[in-house]
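For clarity, every value in this text was computed on a predicted model and none was experimentally measured. Sequence lines set the chain letters: A, B, ... in the order given, protein chains first and strands last, and positions in each chain run from 1.
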Amino acid sequence: MSKHEQASHRAATQEAAEALVEARRLKTARLRDKGLNPFANDVLARDGHAALSSFGEVREHHAGDRDGEGRYLREAVAKHSKRVRVAGRVIFLRSFGGGAFVRLRSWSKLPDDAQTTDPTLPSRWASEELQLYCQSKSSGDPLDGGTVLGDLGVLDEVDLGDFVEAEGTTMATQKGELSVTPDALRVITKAHRPLPTKTSFKDVESRYRQRYVDLVANKDVASVFRARTAIVSAVREYLDRRGFLEVETPTMSRIVGGALAKPFSTHHNALDLDLFLRIAPELYLKRLVVGGFERVYELARCYRNEGLSTRHNPEFTMLEYYQAYATYETLMDQTEELLRYVDRRLEERVPDGYQAFKAQRSFSLERFERLTMRALVERALDAAGLPPEAAFGVGEADAPIKEWAKLAKARGREIDWANFKKGAQKCDSRGELAFAAYEYLAEPFLTRDYRSACCTKSVPVFVIDHPLETSPLARKKDSDPSLTDRFELFVDGREICNAFSELNDPDDQAARFRAQVEKKARGAEETMDYDEDYVRALEHGMPPTAGFGMGIDRLTMILTGSASIRDVILFPLLRPEGAASPGDSEDHRG
RNA sequence: GGGUCGAUAGCUCAGUCGGUAGAGCUGCGGACUUUUAAUCCGUAGGUCCAGGGUUCGAGCCCCUGUCGACCCA
């Protein structure tokens with residue numbers, strides 16, 4: 001479809017939607033004709049009326065008026081009945097005979113000034129719903145600039161999605177639902193576009209493009225993003241309490257470093273300087289350790305110029321922290337503690353969503369495995385019934401891969417021999433080969449092979465002691481200089497952490513950078529640049545330090561049971577709306 | 001990059017053997033004085049993703065393309 005054709009198709013679709021919008025605009029005009037402001041902004045400013053009550057407050061007031069099943073007792077509510085003024089978005093509207101039910105949604109509870117000094121509050125976030133029961137026989141004083149609800153006339157101009165303000169008394173319906181029966185009601189913001197219907201809003205692309213609709217229409221979506229906030233906030237708490245200093249380091253840099261990935265480039269005009277967006281904050285944070293910030297962290301937005309997938313978004317958030325006088329083993333203990341802490345806080349702060357998240361999890365955080373990469377490969381060979389040479393000899397021209405595939409029987413078909421062989425042939429060191437063997441023989445089977453005692457859940461696995469060649473910033477192992485003091489943590493088969501004792505020998509670091517540069521010269525795409533200033537920093541002396549990185553997006557995916565990274569990023573990168581692909585312009589047609 | 005599935009009303013989806021385009025919800029009009037996906041009556045709403053082909057006839061079959069989702073790399 002050409003841009004032209006797409007545009008005209010969009011126009012036709014919009015025209016159809018426009019009819020619904022037009023009907024709502026007419027209501028806005030009618031409200032104005034009656035002297036009412038459909039976009040009122042004096043909700044809090046008016047004198048002579050009760051302060052706006054949050055739904056949580058209303059509910060709290062009647063906390064004792066419920067029966068054993070949580071229904072509100074009519075008599076009890078009537079006895080404690082309270083005059084309230086509430087506001088919220090109309091998410092449900094039903095009129096019948098001389099009455100109408102209007103369900104409002106609003107923020108559950110906001111702390112008052114006294115509570116804002118209490119560091120433990122607010123302990124949770126949620127929106128709540130509260131029902132209005134409007135009756136034509138009600139009467140009362142009009143809201144300033146509002147309308148007496150005598151004949152329910154104003155409800156004619158109310159649509160799903162509007163924001164309204166109502167004043168009235170609390171009551172319970174026959175079915176035991178706490179409600180407010182208003183004597184006055186007014187529209188404070190008219191919505192010109194309709195919300196999706198109750199059959200919901202499922203089209204994935206539309207959901208990502210119009211997240212503002214998604215969040216209103218799909219309740220569990222909102223709870224995933226509250227979970228994300230709870231997770232980030234718990235990570236901060238954990239580190240802050242241990243004396244870590246949160247910092248911000250540059251996202252634009254002349255040098256690509258700290259990880260192996262393709263960067264975005266940009267340009268600074270005044271200095272006429274080509275810059276890269278950071279792929280990791282690592283090298284700046286370690287400079288700070290040199291400078292004496294012995295416990296330091298950053299929740300760093302990083303940018304990698306690679307493809308989109310359910311596990312990759314070009315911008316994503318990474319936690320990195322560095323701790324002096326610690327080793328990667330200290331960090332393994334801390335990682336277990338951190339994950340359990342975050343999970344506990346998640347349960348406390350998003351209690352409703354948490355039950356659903358937990359039900360979806362196929363892993364448990366009760367026990368963590370720790371295994372060297374070598375042991376994992378040995379065990380994998382053993383489990384598949386393969387000889388040891390299968391791990392290292394796969395790249396040889398005469399490798400008997402067909403025989404091995406036959407030997408591996410049960411899992412043989414799942415081992416990706418073709419790519420394993422291709423990968424092995426690209427390796428130019430034994431260390432890289434060892435990593436390839438791990439990647440193809442062991443990693444795909446982590447969730448299957450390492451399970452909790454009850455066998456229904458997988459356990460997180462720390463993979464430790466990576467080969468030197470695949471870890472250019474990690475410290476060599478004292479007992480075996482071909483390996484490094486490093487671990488990666490896999491939860492539910494997905495890598496979420498990467499950590500190591502840091503290389504602080506400046507000459508060793510310079511040599512590793514040179515090896516990366518040579519590799520790039522040989523045509524490798526994902527390498528690090530030589531960072532002279534970083535080497536100079538190390539020459540000033542960095543204390544023995546352990547460093548830790550964790551993908552916040554992936555952590556959120558794992559803890560909330562989300563299948564795609566786009567479900568945990570509010571506004572994921574998408575192809576521009578209605579854009580043709582690069583190869584498809586009018587120029588190529590006719 | 002490879003594979004699988006999909007695109008039909010504002011939303012969610014049916015569409016039989018190739019024979020005049022369907023439902024529910026939403027919208028609009030009406031009935032109903034405590035509803036919980038209310039119910040009932042009426043009414044409006046479509047460039048069936050685009051282009052080409054086969055055919056007397058294509059939403060349906062074939063080809064090409066676009067976009068999306070999922071799986072694999």
What do you reckon, is NZ of Lys421(A) surrounded by more than 12 foreign heavy atoms closer than 6.0 Å? yes
Quote, to the nearest angstrom, the C1' distance that separates G53(B) from U43(B). 41 Å
Which whole-number value in Å describes the distance from Lys175(A) NZ to U34(B) C1'? 8 Å
Partner of A21(B) under the Watson-Crick or G-U wobble criteria, both distances under 3.5 Å, comes out as none
Looking at every strand, decide which applies to Ser95(A) at a 4.0 Å heavy-atom threshold: base, sugar-phosphate, or nothing. base
Say whether, by atom type as modelled, one donor and one acceptor occur between the side chain of Asp214(A) and the main chain of Tyr208(A) under 3.5 angstrom. no
In whole angstrom, give me the gap between the P atoms of C41(B) and U54(B). 48 Å
Of the listed nucleotides (A38(B), C28(B), U12(B)), which one gets closest to any side-chain atom of Lys202(A)? U12(B)
Give me the distance, rounded to whole Å, that separates G19(B) from C61(B) when you measure between the C1' atoms they each carry. 15 Å
Just checking Lys426(A): does its NZ atom have more than 12 heavy atoms from other residues, nucleotides or ligands closer to it than 6.0 angstrom? no
For C60(B) versus G24(B), give the span between their C1' atoms, rounded off to a whole number of Å. 23 Å
Whole angstrom is fine here: how far is it from OH in Tyr208(A) over to C1' in C67(B)? 15 Å
Atom NZ of Lys421(A) and atom C1' of A73(B) are separated, to the nearest Å, by 18 Å
Could you check which nucleotide pairs with U34(B) in any of the strands shown, counting Watson-Crick or G-U wobble with both distances under 3.5 Å? none
d(CD, Glu22(A); P, G10(B)) in whole Å: 16 Å
Rounded to whole Å, CG of Asp159(A) lies from C1' of G10(B) at a distance of 13 Å
In Watson-Crick or G-U wobble terms, with both distances under 3.5 Å, the base opposite A50(B) is U64(B)
Of Leu160(A) and Gln174(A), the one whose closest RNA chain B nucleotide lies more 5': Leu160(A)
From A38(B), U33(B), U36(B), pick the nucleotide closest to the side chain of Thr173(A)? U36(B)
Counting the atoms with a prime plus P, OP1 and OP2 as sugar-phosphate, which does Arg566(A) contact under 4.0 Å by heavy atoms, base, sugar-phosphate, or nothing? sugar-phosphate
Sticking with atom C1', work out how far U36(B) lies from A73(B), rounded to a whole angstrom. 49 Å
Taking atom P of U36(B) as reference, at what distance in whole Å does atom CD1 of Ile91(A) sit? 16 Å
Using atom C1' in both nucleotides, what's the gap between G65(B) and U55(B) to the nearest angstrom? 23 Å
Report yes or no: is the cationic atom of Arg211(A) (NZ for Lys, CZ for Arg) under 6.0 Å from the centre of the six-membered ring of Phe571(A), at an angle within 45° of the ring normal? no
With a 3.5 Å cut-off and no angle check, do the side chains of His61(A) and Thr170(A) form a donor-acceptor pair? no
Rounded distance in Å between the C1' positions of G27(B) and C70(B): 34 Å
Ring-ring centroid check Phe276(A) Tyr303(A), cutoff 6.0 Å: no
To the nearest Å, how far apart are Arg193(A) CZ and G27(B) C1'? 15 Å
Taking a pair as Watson-Crick or G-U wobble with both distances under 3.5 Å, which nucleotide is matched to U43(B)? G27(B)
Do Asp567(A) and Val224(A) touch side chain to side chain, with heavy atoms closer than 4.5 Å? no
Listed nucleotide nearest any side-chain atom of Glu205(A), set A38(B), G68(B), U34(B): G68(B)
Nearest to the side chain of Asp203(A), heavy atoms from C-beta on, is which of U36(B), C28(B), U12(B)? U12(B)
Tell me which of Arg74(A) and Tyr440(A) sits closer to the 5' end of RNA chain B, going by the nucleotide each one is nearest to. Arg74(A)
Check the distance between A73(B)'s P and Leu308(A)'s CG and give it to me in whole angstrom. 18 Å
Using the P atom as the reference point in each nucleotide, state the distance between A37(B) and U26(B) in Å, no decimals. 13 Å
Let's see if you can work this out: which of C67(B), U12(B), A69(B) has an atom nearest to the side-chain heavy atoms of Val204(A)? A69(B)
Nearest to the side chain of Thr310(A) - U12(B), U34(B), C71(B)? C71(B)
Need the pair for A14(B). Rule: Watson-Crick or G-U wobble, both distances under 3.5 Å, any strand; none if unpaired. none
Do Gln131(A) side-chain and U36(B) base share a donor-acceptor contact under 3.5 Å? no
Checking U36(B), U34(B), C72(B) against the side chain of Arg311(A) (C-beta onward), the nearest is C72(B)
Is a side-chain donor-acceptor pair under 3.5 Å present for Asn37(A) with Arg186(A)? no
Determine the contact category for Lys422(A): base if any of its heavy atoms lies under 4.0 Å from a base atom, sugar-phosphate if only primed atoms, P, OP1 or OP2 are that close, otherwise nothing. nothing
Complement of G59(B), any strand, by Watson-Crick or G-U distances under 3.5 angstrom: none
